[in-house]
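See structure below.
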Amino acid sequence: MKDQLHSLFTQAIDALKTDQVIPADHEVSIQFERTRQKEHGDFATNLAMTLAKPARRNPRELAELLIAALPADDLVTKVEIAGPGFINLFLAQDARYAVLNTVFEKGNQYGLGVPNSKQKIMVEFVSANPTGPLHVGHGRGAAYGDALARVLSAAGNTVEREYYVNDAGRQMDILAVSVWLRYLQANEVDIDLPENGYQGDYVAEMGQDLLASHGNQYIVDKAVIEGARADLELEEALDATIELAKTKLGNDGFEIFFKRALDSILDDIRQDLGEFSVDYDTWFSERSLFTDGKITKAIDKLKASGDVYEKGGAWWFKTTDYGDEKDRVVIRDNGQPTYFASDIAYHADKLDRGFDLAINVWGSDHHGYIPRVKASLEALGLDKEKLKVVLVQFAVLYRDGAKIPMSTRSGKFVTLRELRDEVGSDAARFFYAQRKSEQHMDFDLDLAKSQSKDNPMYYVQYAHARICRIFKTAEERGIDTSAIANADFSVLGSDQENALLTLLQKFPELLQAAAANYEPHQVTYYLKDLATALQAYYASTKILESEEPQRGAMLALCAATRQTLKNGLNVIGVGAPESM
RNA sequence: GUGCCCGUAGCUCAACUGGAUAGAGCAACGGCCUUCUAAGCCGUAGGUUACAGGUUCGAGUCCUGUCGGGCGCGCCA
């Protein structure tokens, strides 16, 4: 639709350039927008106002010239100049209901771009440390990341979803040693789990499981453990316990606790996300970067280019050369690479895999980390513009009007699974998807749980179910609906019918805009608008009791609306039930 | 201290990348079920877009400053 208008105005501008009204070398960008009020027509353009300066004419005068130069076309039935120089365009009724043919022709592909016709994009999201179950904060990242992936895919991009598994580093060691201590407790060793270990019940369960499967072969005397951590501060004591475990159990023994913890938590996360309709193409292991030598390779390359230098026994990346506030350590003085070193190798690997764009969905607390990752890509000779980081603000949970404190370590948090059990996966996804990523979000659990019927998702699903009900009743009454796609649509034309037709027509543009801006929330607002228009239509029009040929056309309009609602719900990962 | 994000109706949030009279839901008030699902519809009320300047035909949107909130600023991940 906009393309056709664009073509018309391009011809008009060319004509005015020939007449030297507009300088021939002036580059014109034509923008159309959907009008907010129907008195302003269907589309409006501000072209005359943007061209006023180069043409040295006042906008309204220029608008008249543009309209005079506009070639004749069936699409537009009326053109008006309004306000300071807007050109308002009124569509012919034929152009309005033509969208129904398109919807029937494309079915569940309606609104979607040509598959795999655009960029190859990776979306990496959630990537929570595998040290415990996902909480509601991760839920927001999951809902946003997956909806973003779906929107990008719907717009015609080739999309892969990836979960970066932080299975290396101290946090995983702390988890493994926490499991070990719980295992010892299950073996009736009277040892305590320090407060900076992982406290969750799942850790105790793993300890008990390991007792069942491996018996008592990894028992170490209480006195030995307490001796190792005597007189040490909390964090040092924990590190000492880790070292002791590695020594006493051997690498293979420690690995049993480590693997058990990692596998069981990853399985849990995978299942949790699967039930949330989030499925990944790849689970990328941080450890694999060590075993494949990719970290060493990346750091060596940076050393060779002089971007990494040695100071005080550690190796530093000179990120200040790339606009960072200070240089960053990549190899500690004890020889261990930092998390940043992993990330340098990881992001280089991502771009090496040939993506046109890699999108990271990160919690907003990581924003300070962006400059150094971009710096590393630049230093490695990669295109840093191919990395896009979208920050998702944390959801602040409220219960009984009070903020709920969250801490993974203490095990006191509301899990994603708990939320899904309470409100359902669909409602949770819709609720999350409504917010744009950078907006702070208050998540009122009482509202989401106890008053779930107030969730707008039900409103949208209800519109879909209602249309399904109409067709079911039609069948019961023996009304033949098989030929509605060929009905005479020209009998449609009431305000409510036109409002629906306009919304249906807008859907493809909407998906493109949502994808271009990384804003899946636009889809939820669109769906609410479409559902509202349908509900109003439903309430005012007794479709099945109308006479032919109106009835057939009305049913066609309903069918097209149902299809579009379903396609839109699918884009945010929410189901479209046929009855409620 | 310094950097990033945010500030819109009583509450939760939109506003098509600078457009015309800033919109929804919830909460409040008043109507609508003998007819396709009332998880619905129709209506009323609610605003100095935190504040002060600036840019231009035009600002919630861009720039500067102030105030308020969140988050960073580790040889943690």
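At a threshold of 4.0 angstrom between heavy atoms, the contacts of F340(A) with the nucleic acid are absent. The residue R328(A) sits apart from the nucleic acid: no heavy atom pair falls under 4.0 Å. Residue contacts shown for K472(A) are absent, as no nucleic acid heavy atom lies under 4.0 Å away. Residue contacts shown for Y538(A) include a base, since a base heavy atom lies under 4.0 Å away. Within 4.0 Å (heavy atoms only), D333(A) reaches at least one base atom of the nucleic acid. Backbone-only engagement by K436(A) is indicated by non-hydrogen atom pairs under 4.0 Å involving sugar-phosphate atoms exclusively. If you check every strand for non-hydrogen atoms under 4.0 Å, G312(A) touches a base.
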What does the list of N/O pairs under 3.5 Å between the protein and nucleotides 18-20 of chain B look like, with a distance for each?
residue: rG19(B); atom: N7; partner: N46(A); partner atom: ND2; Å: 3.0
residue: rA20(B); atom: OP2; partner: R36(A); partner atom: NH1; Å: 3.4
residue: rA20(B); atom: N6; partner: N88(A); partner atom: OD1; Å: 2.6
residue: rA20(B); atom: N1; partner: N88(A); partner atom: OD1; Å: 3.3
residue: rA20(B); atom: N1; partner: N88(A); partner atom: ND2; Å: 3.2

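Shown here, rC33(B) is classed syn by the O4'-C1'-N9-C4 or O4'-C1'-N1-C2 angle, which is within 90° of 0.
A cation-pi arrangement is absent between R170(A) and Y339(A) under the rule of less than 6.0 angstrom and at most 45 degrees off the ring axis.
When distances are taken from the side chain of R466(A) to each of rG40(B), rC75(B), rA39(B), the shortest belongs to rG40(B). The side chain of Q535(A) lies closest to rC41(B), out of rA39(B), rC41(B), rA14(B). Checking rC75(B), rA14(B), rA77(B) against the side-chain heavy atoms of H521(A) singles out rA14(B) as nearest. Among the nucleotides rC6(B), rG72(B), rG40(B), the one closest to the side chain of D365(A) is rG72(B). The side chain of L544(A) has rC36(B) as its nearest neighbour among rA14(B), rC76(B), rC36(B). Looking at the side chain of R477(A), the nearest of the listed nucleotides rC42(B), rA39(B), rC36(B) is rC36(B). With rA14(B), rC75(B), rU37(B) as the choices, the nucleotide that has an atom nearest any side-chain atom of S579(A) turns out to be rU37(B). For E519(A), taking side-chain heavy atoms from C-beta onward, the closest of the listed nucleotides rA77(B), rA15(B), rU35(B) is rA15(B).
Shown here for L91(A) and D42(A), the closest heavy-atom pair between the two residues is N-OD2, 2.7 Å.
Taking atom CZ of residue F290(A) and atom C1' of nucleotide rA77(B), one finds them 12 Å apart after rounding to whole Å. Rounded to whole angstrom, the span from the NZ atom of K528(A) across to the P atom of rG40(B) amounts to 13 Å.
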